[in-house]
S.K.: 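Next up is a structure, given as structure tokens.
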Amino acid sequence: MLDRELIRNHPDVVRAGIARKRLSAPVDEFLEVDLKRRQIQTELQDKQAEMNRISKSIGMLMGQGKKDEAEVAKLQTKDLKEAIAAGEAQQRELDFALREIELQFPNLPHESVPDGKDEDENVLVRTWGEKPKFDHEPLAHWDIADKLGLLDLPRGAKITGSGFVLYTGMGARLQRALFTFMIDHQTTRNGYYEIYPPYLVNRASLIGTGNLPKFEEDLYKVDDDLYLVPTAEVPVTNIYRDEILKGEDLTIKLAAYSGCFRREAGAAGKDTRGVLRIHQFDKVEMVKFTKPEESYAELEMLVQDAESVLKTLGLHYRIIELCTGDLGSKGAKCYDVELWSPGVGRYLEISSCSNFEAYQSRRANIRFRRAQGEKPEFVHILNGSGLACPRLFSAVLETFYQPDGSIVVPEALRPYVGTDRITA
RNA sequence: GGAGAGGUCGCAUAGUGGUCUAGUGCGCCGCACUCGAAAUGCGGUGAGGCGCAAGUCUCCGUGAGUUCGAAUCUCACCCUCUCCGCCA
């Protein structure tokens, strides 16, 4: 959601920003309904004020025992009452329509975001480490997992369906070690406060983060109008929905481990082997609530917090800044962390660190007050993965696979895995 | 799932059809008194919308209804608590 005043007073600025993203938004429709709504509201308020005056006078006349005069006053309200009922109905309709229109607006890109039409025009920011060298052709994680009995993909598909993975034995252990290590890392080393959220959320929460109403087809829905979380971002961001925070408490840094559930509609066939794109996966998510003037500095630190996991594990990665065309609907600025996957032979996105500015906080109505007596302002909200497990799992397998068929466990993971080497 | 109680301005409470422009206490802010503080006194203290402004409208869990008028009455739903049942 954008600032209404901005759309109203500078529609050209809004149009230009959205055009930079190669997206569209119903700007004209907004302007039309917004204007109409304000006209109706002004007219309605005059009538309500008149009605309030008359009702009050009836109360006073009754109190003075002037029943006849009160009856006369009552007659005056008949037409007004009908007009108000009609006006209220019309305004409700327009409020609803405007809200629907408003929710369709994408966020505007920050001015620093490079212009570009798609992912080919993203910008390499930095690289850490090097591609590991192998004497042999590096194996893909699905082959390694097969040799060591770490995954049972056919049975995962049998139990649930394609895209649902059964981790087995040391594979299950490694998976559990990864997210336990990461949540420990973000809370004890990087200063995040730990959250363990519900896995089912209501519509209001998904609207707050911007997943609804536009991206319903990406979500699993259950009965009672609840949805499985596509990321812990949704429940964690909504912790403060409809609240006013104290300025002195910002920046708030939260980290949560959760399962994530995505239908991946429209992504069939792309990067689907092994655990590259699955419907259920584990992830540690970081969410920050900041003052507007601090959000871009916080974004840089957020990326570093995501990176620090990979540095600690000794995995080669690079940081990409998304161009306007690849930024997506919600973000104002976004960095992707891409992890080198030797067996797949590509860099794979493992974290997206975004500044949403006030886009989510307007939708979720999350504000802060700088000092007592001051007007509440919208916070800036940021989030990033820290990190997603499946691709990290696959990179660990592919990077640390040894000629003898074993996997050397990175030092930081050993206390969690319980061994320094995974063997057949 | 069943029975009961309850949801009011940060907190606690009052208000059961008409000066409610929601009272009071606590907390908080300002001022006075004080060397300073405490105590005391006085004043102020929710959110949102429309409007250039004066101002005005909306919000007492949410939504609908009755009424000239609803925090107050009716209905539905949501949430919390207590007890019972079931259960990891």
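Just so we're on the same page: letters track the sequence lines, and every chain starts at 1. Only this structure's heavy atoms are used, side chains among them; waters, hydrogens and symmetry mates stay out.
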S.K.: Taking the P atom in each of C9(B) and U62(B), what is the distance between them to the nearest angstrom?
M.R.: 11 Å
S.K.: Can you tell me how far P of G10(B) sits from CD of Glu243(A), to the nearest Å?
M.R.: 12 Å
S.K.: Under 3.5 Å for both donor-acceptor distances, Watson-Crick or wobble: does A53(B) have a partner, and if so which one?
M.R.: none
S.K.: Taking atom C1' in both C42(B) and C78(B), what distance in whole Å separates the two?
M.R.: 44 Å
S.K.: Give the ring-plane orientation class for Tyr220(A) versus Phe164(A), where under 30° counts as parallel, over 60° as perpendicular and anything between as tilted.
M.R.: tilted
S.K.: Is it true that Arg391(A) and Glu338(A) have a side-chain N and a carboxylate O under 4.0 angstrom from each other?
M.R.: no
S.K.: Suppose you measure atom C1' in A54(B) against the same atom in U66(B); what distance do you get, rounded to whole Å?
M.R.: 36 Å
S.K.: So, taking the atom named CG in Leu392(A) and the one named CZ in Phe181(A), what distance separates them when rounded to the nearest 0.5 Å?
M.R.: 8.5 Å
S.K.: Who pairs with Lys21(A) by salt bridge (charged side-chain N to carboxylate O under 4.0 Å, His left out), at least two apart in sequence or on another chain?
M.R.: none
S.K.: Using the C1' atom as the reference point in each nucleotide, state the distance between G1(B) and C87(B) in Å, no decimals.
M.R.: 12 Å
S.K.: Within this structure, what is the CD-to-P distance between Glu248(A) and C29(B), rounded to whole angstrom?
M.R.: 11 Å
S.K.: Using purine N1 to pyrimidine N3 plus N6-O4 or O6-N4 for Watson-Crick, or N1-O2 and O6-N3 for G-U wobble, both under 3.5 Å, which nucleotide pairs with A70(B)?
M.R.: none
S.K.: So what's C75(B) paired with, Watson-Crick or G-U wobble, going by both distances under 3.5 Å?
M.R.: G63(B)
S.K.: Ring centres under 6.0 Å, that's the criterion: do Phe289(A) and His380(A) meet it?
M.R.: no
S.K.: By nearest heavy atom, map Arg92(A) and Lys74(A) onto RNA chain B; which one lands nearer the 5' end?
M.R.: Arg92(A)
S.K.: Write down the distance separating the P atoms in A22(B) and G44(B), rounded off to the nearest Å.
M.R.: 14 Å
S.K.: Taking atom P of G61(B) as reference, at what distance in whole Å does atom CG of Asp242(A) sit?
M.R.: 15 Å
S.K.: Suppose we define a pair by two distances each less than 3.5 Å, Watson-Crick or G-U wobble; what does G27(B) pair with here?
M.R.: U45(B)
S.K.: Across all strands, who's sitting opposite G1(B) as a Watson-Crick or G-U wobble pair, both distances under 3.5 Å?
M.R.: C84(B)
S.K.: Which value, in whole Å, describes the distance between the P atoms of nucleotides G51(B) and G46(B)?
M.R.: 23 Å
S.K.: If the plane angle is over 60° it's perpendicular, under 30° parallel, otherwise tilted; pick one for Tyr257(A) and Phe179(A).
M.R.: parallel
S.K.: Mind checking the P distance from C28(B) to C11(B)? Whole angstroms is fine.
M.R.: 15 Å
S.K.: Are Phe378(A) and Phe368(A) close enough that their ring centres sit under 6.0 Å apart?
M.R.: no
S.K.: Going by distance alone, is a donor N or O of one side chain under 3.5 Å from an acceptor N or O of the other, for Gln186(A) and Asp305(A)?
M.R.: no
S.K.: Could you tell me which nucleotide pairs with A32(B) by Watson-Crick or G-U wobble geometry, both distances under 3.5 Å, or answer none if nothing does?
M.R.: U40(B)
S.K.: Using atom P in both nucleotides, what's the gap between G7(B) and G61(B) to the nearest angstrom?
M.R.: 8 Å
S.K.: Going 5' to 3' along nucleotides 44-59 of chain B, which nucleotides have protein heavy atoms under 4.0 Å from the base (write B), which only from the sugar-phosphate (write S), and which from neither (write -)?
M.R.: ---SSBBS----BBS-
S.K.: By the 4.0 Å heavy-atom rule, please label Ile58(A) as base, sugar-phosphate, or nothing.
M.R.: base
S.K.: Can you check salt bridge (charged side-chain N to carboxylate O under 4.0 Å, His left out) on Arg369(A) and Glu374(A), steps first, answer last?
M.R.: CA-CA 6 Å; Arg369(A) 214 190 303 270; Glu374(A) 299 216 29; over 6 Å; no
S.K.: Atom CZ of Arg203(A) and atom C1' of G63(B): how far apart are they, to the nearest Å?
M.R.: 17 Å
S.K.: Heavy atoms only, 4.0 Å cut-off, all strands: where does Thr77(A) land among base, sugar-phosphate and nothing?
M.R.: sugar-phosphate
S.K.: Verify the contact: side-chain N or O of Lys56(A) to OP1 or OP2 of G18(B), cut-off strictly under 4.0 Å; return yes or no.
M.R.: no
S.K.: Counting only Watson-Crick pairs (N1-N3 plus N6-O4 or O6-N4) and G-U wobbles (N1-O2, O6-N3), all under 3.5 Å, who is the partner of G17(B)?
M.R.: none
S.K.: For Lys246(A) and C11(B), what is the distance between atoms NZ and P respectively, to the nearest whole Å?
M.R.: 11 Å
